[in-house]
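Everything on this sheet refers to the single structure shown next.
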Amino acid sequence: MPGYAVIGGQWGDEGKGKIVDFLSQDTQYVVRYSGGNNAGHTVINKLGQFALHLVPAGIFWPKVTCVIGNGVVVDPGVLLEEIATLEKAGVNTSRLLISDRAHLIMPYHVALDQLEERAKGSQAIGTTGKGVGPAYMDKVGRVGIRVGELLDVDNEEVFLPHLDHVLKQKNAIITKVYGGEPFSLAEIYQKCLEWGDLLRPYIQPTEMVLQEAIASGDNVLIEGAQGAMLDIDHGTYPYVTSSSPSIGGAYTGLGIPPQSIAGSLGVFKAYTTRVGGGPLVTELNDATGDKIRELAWEYGATTGRPRRVGWFDGVAARYSANLNGFTSIVLTRLDVLDGFPSVKVCVGYQLDGKVVDRIPSNVAILARCQPVYEEFEGWDQPTASATEMEKLPPNALKYVHRLEELIGVPIDLISTGPRREETIVNRPFIKR
Ligand code: GDP
Ligand code: IMO
Ligand code: MG
């Protein structure tokens with residue numbers, strides 16, 4: 001059972017990119033299964049700082065094969081740009097594979113995402129505007145265009161009628177519902193021809209590649225995007241993304257059976273952030289929130305938007321751990337809390353005069369919840385860059401242990417800085 005998943009436990013941006021890069025040294029495959037270029041996974045190494053949107057974060061390790069699985073939605077223009085940036089920095093991207101079953105994000109998806117958001121006004125979700133939601137809508141609506149179709153793009157009798165049919169529908173919505181500009185069939189077709197040419201070498205039936213890899217005993221590191229609280233089913237609907245970032249999505253998004261995943265590592269920040277709309281029970285709309293945002297530079301790796309900041313939410317964390325069956329927790333950005341006089345953790349929600357320890361499914365009810373906090377004394381000594389548990393100040397340790405208790409799963413890895421080496425291996429995590 002050589003598959004291990006790294007999954008965001010909160011609302012995304014937990015530091016999955018750094019952790020996947022750190023763990024990639026012991027693996028043969030690193031694979032993405034959901035989302036698209038709404039993701040921004042930061043990896044910092046000697047070649048520079050990278051915000052990866054589609055290419056898996058294992059790409060910096062020369063022996064790792066990186067796979068964009070069938071559950072991902074791919075904007076070919078963005079992917080080609082990312083490949084070019086990596087190559088320019090000296091990274092060999094010839095070990096990248098893209099599933100022929102992955103769906104394409106087309107220019108009309110990007111336009112529709114932005115037009116729909118604008119039309120929603122105060123009801124807007126705060127999407128990344130990358131066309132992810134509309135592309136998944138077409139997939140489920142069975143009119144999506146898949147990466148594999150690019151292999152046959154110059155067969156005008158097959159590809160063009162499909163594109164023509166979809167584009168007529170989209171242009172009707174764009175012009176009649178939103179008053180936008182229609183797209184030209186000839187221009188989009190030309191783009192598809194170019195994409196087909198450039199992406200052909202990468203396109204493969206990746207589920208078979210992965211099934212064979214697993215059967216032969218190779219290690220497969222599964223890289224989640226977004227976070228469990230943004231899951232289309234289990235997140236704070238409708239303020240969610242349009243895919244399944246939690247563990248369930250990994251099986252369908254890669255085409256591998258359940259027994260092939262031996263463990264799942266839940267990545268949690270030592271506090272909480274969220275980008276876009278939707279309730280955030282522990283949100284800090286005050287000087288402390290601003291201080292964390294500026295200290296930690298909590299601005300989106302994809303859109304540059306300021307991230308909303310709050311204390312750690314133990315109620316949401318336990319929900320997320322139960323949903324994903326995390327076997328280990330990875331705690332990131334502990335160093336950001338260095339020097340705070342005190343830190344708080346939410347241990348329950350106050351709702352209509354009662355304390356509850358479950359997250360309500362209805363966002364209107366969730367929005368009424370008030371945090372019940374436990375307060376911890378802060379620590380003066382830095383945790384930043386620590387690589388051993390023994391180097392953590394006692395108050396930081398107390399904080400870590402309380403989080404562990406609240407989540408209900410051991411914290412096996414602690415990240416104390418954005419670089420690969422700024423990591424504490426607390427326990428041998430992977431073979432639990
Ligand atoms: P992802 O989407 O989960 O991969 O996370 P992002 O890359 O969007 O955001 C995480 C941010 O935290 C990035 O700027 C990382 O460089 C940074 N980061 C990751 N781990 C740590 C850590 O332990 N300490 C600090 N200070 N920064 C970290
Ligand atoms: P990574 O992988 C944080 C959020 C958006 C918005 C909602 C829906 O870097 O952790 P979408 O464009 O997906 O339709 O937007 O989901 N969102 C993310 N927030 N990190 C991400 O990815 C996100 N991907 C989507 O901000 O609230
Ligand atoms: Mg991110």
Side-chain angles (χ1 to χ4, degrees), residues 6-22 32-45 49-54 56-57 72-73 75 105 109-110 112-114 116-117 124-137 223-232 235-243 245 266-280 292 295-308 330-338 382-386 413-424:
V6 173
I7 290 177
Q10 297 159 311
W11 282 270
D13 302 329
E14 298 89 349
K16 299 175 292 294
K18 175 208 154 148
I19 296 303
V20 169
D21 170 63
F22 172 79
R32 278 271 310 266
Y33 62 86
S34 74
N37 58 302
N38 47 354
H41 295 179
T42 311
V43 177
I44 302 174
N45 57 30
Q49 172 160 343
F50 300 85
L52 297 167
H53 302 295
L54 282 162
V72 176
V73 284
D75 183 326
I105 297 183
H109 291 135
V110 180
L112 280 166
D113 193 355
Q114 295 170 8
E116 280 165 12
E117 279 285 276
I125 289 165
T127 72
T128 57
K130 304 296 182 189
V132 169
Y136 278 118
M137 281 167 69
E223 176 178 348
Q226 290 79 55
M229 300 310 293
L230 289 170
D231 187 284
I232 184 76
T236 48
Y237 190 90
Y239 298 96
V240 291
T241 193
S242 297
S243 67
V267 188
F268 288 82
K269 268 182 203 182
Y271 48 95
T272 304
T273 62
R274 163 165 215 173
V275 198
L280 189 60
I292 295 178
L295 260 178
W297 200 247
E298 288 291 3
Y299 289 87
T302 296
T303 58
R305 290 179 292 175
R307 294 176 181 147
R308 298 158 66 195
V330 184
L331 189 68
T332 63
R333 306 207 96 174
L334 181 62
D335 53 295
V336 168
L337 300 179
D338 289 354
T383 67
S385 304
L413 279 182
I414 299 177
S415 174
T416 56
R419 293 172 180 279
R420 201 182 275 170
E421 58 279 8
E422 293 172 305
T423 309
I424 301 174

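In each ligand, atom 1 is the first atom listed, and ligand 1 is the first ligand listed.
Between Ile232 and Thr241, the closest side-chain pair of non-hydrogen atoms is not below 4.5 Å.
Each of Trp11, Gly12, Asp13, Lys16, Asn38, Ala39, Gly40, His41, Ile125, Gly126, Thr127, Thr128, Ala225, Gln226, Leu230, Val240, Thr241, Val275, Gly276, Arg305 has a non-hydrogen atom positioned under 4.0 Å from some atom of ligand 2.
Side-chain atoms of Asp338 and Thr383 include a donor-acceptor pair closer than 3.5 Å. For the 3.5 Å distance criterion, the side chains of Lys18 and Ser415 qualify, holding a donor opposite an acceptor. Using modelled atom types and a 3.5 Å distance limit, the side chains of Arg333 and Thr416 yield no donor-acceptor pair. There is no side-chain donor-acceptor pair under 3.5 Å between Asp335 and Ser385.
The pair Glu298-Lys269 meets the salt-bridge criterion, since a charged nitrogen lies less than 4.0 angstrom from a carboxylate oxygen. Salt-bridge annotation for Asp113 and Lys130: absent, with no side-chain N of the basic residue lying under 4.0 Å from a carboxylate O of the acidic one.
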Thr272 and Arg308: CA distance, side-chain angles, deciding distance, side-chain hydrogen bond (donor to acceptor under 3.5 Å, both in side chains) verdict: CA-CA 8 Å; Thr272 304; Arg308 298 158 66 195; over 6 Å; no
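Contacts between Asp13 and ligand 1 below 4.0 angstrom, taking non-hydrogen atoms only, involve backbone and side chain alike. Residue-level proximity to ligand 1 for Thr416 is carried by the backbone, the only part with a heavy atom below 4.0 angstrom.
For atom 6 (P) of ligand 1, the choice among Gly40, Ala296, Ala301, Gly17 with the nearest heavy atom turns out to be Gly40. Residue Ser415 holds the heavy atom nearest to atom 23 (O) of ligand 1 of all those in Gly224, Gly15, Ser415, Ala270. With atom 19 (C) of ligand 1 as the reference point, the heavy atom nearest to it among Gln10, His53, Gln226, Lys18 is part of Lys18.
Only one option out of Leu413, Thr423, Val6 pairs with Val330 in a side chain to side chain contact (heavy atoms under 4.5 Å, CB included); it is Leu413.
The shortest contact between atom 14 (O) of ligand 1 and any protein heavy atom is with Thr42 OG1, 3.9 Å. Among all non-hydrogen protein atoms, the one lying nearest atom 11 (C) of ligand 1 is Arg333 NH1, 3.7 Å. At the top of the distance list for atom 24 (N) of ligand 1, counting protein heavy atoms only, stands Asp335 OD1, 2.8 Å.
Near Gly417, meaning under 4.0 Å from one of its heavy atoms, ligand 1 places the atoms 20 (N), 21 (C), 22 (C), 23 (O), 24 (N), 25 (C). Within ligand 1, counting atoms from 1 as listed, the ones closer than 4.0 Å to a heavy atom of Glu14 are 3 (O), 5 (O).
In this structure, Gly8 has no heavy atom closer than 4.0 Å to ligand 1.
Vertex the Mg ion (ligand 3), arms ending at OD1 of Asp13 and O of Gly40: the angle is 160° after rounding to 10 degrees.
Atom CZ of residue Arg307 and atom CH2 of residue Trp11 lie 14.5 Å apart, to the nearest 0.5 angstrom.
Gln114 places a side-chain N or O within donor-acceptor distance of the main-chain N or O of Gly129, the cut-off being under 3.5 Å. Formation of a donor-acceptor pair under 3.5 Å by the Arg32 side chain with backbone atoms of Ala225 is not found in this model.
The number of heavy-atom neighbours closer than 6.0 Å to OH of Tyr237, taken from other residues, nucleotides and ligands shown, is 12 or below.
Residue Ile44 has no nitrogen or oxygen atom sitting less than 3.5 Å from a nitrogen or oxygen atom of ligand 1, judged on distance alone. For ligand 1, one of its N or O atoms has an N or O atom of Arg307 under 3.5 Å away.
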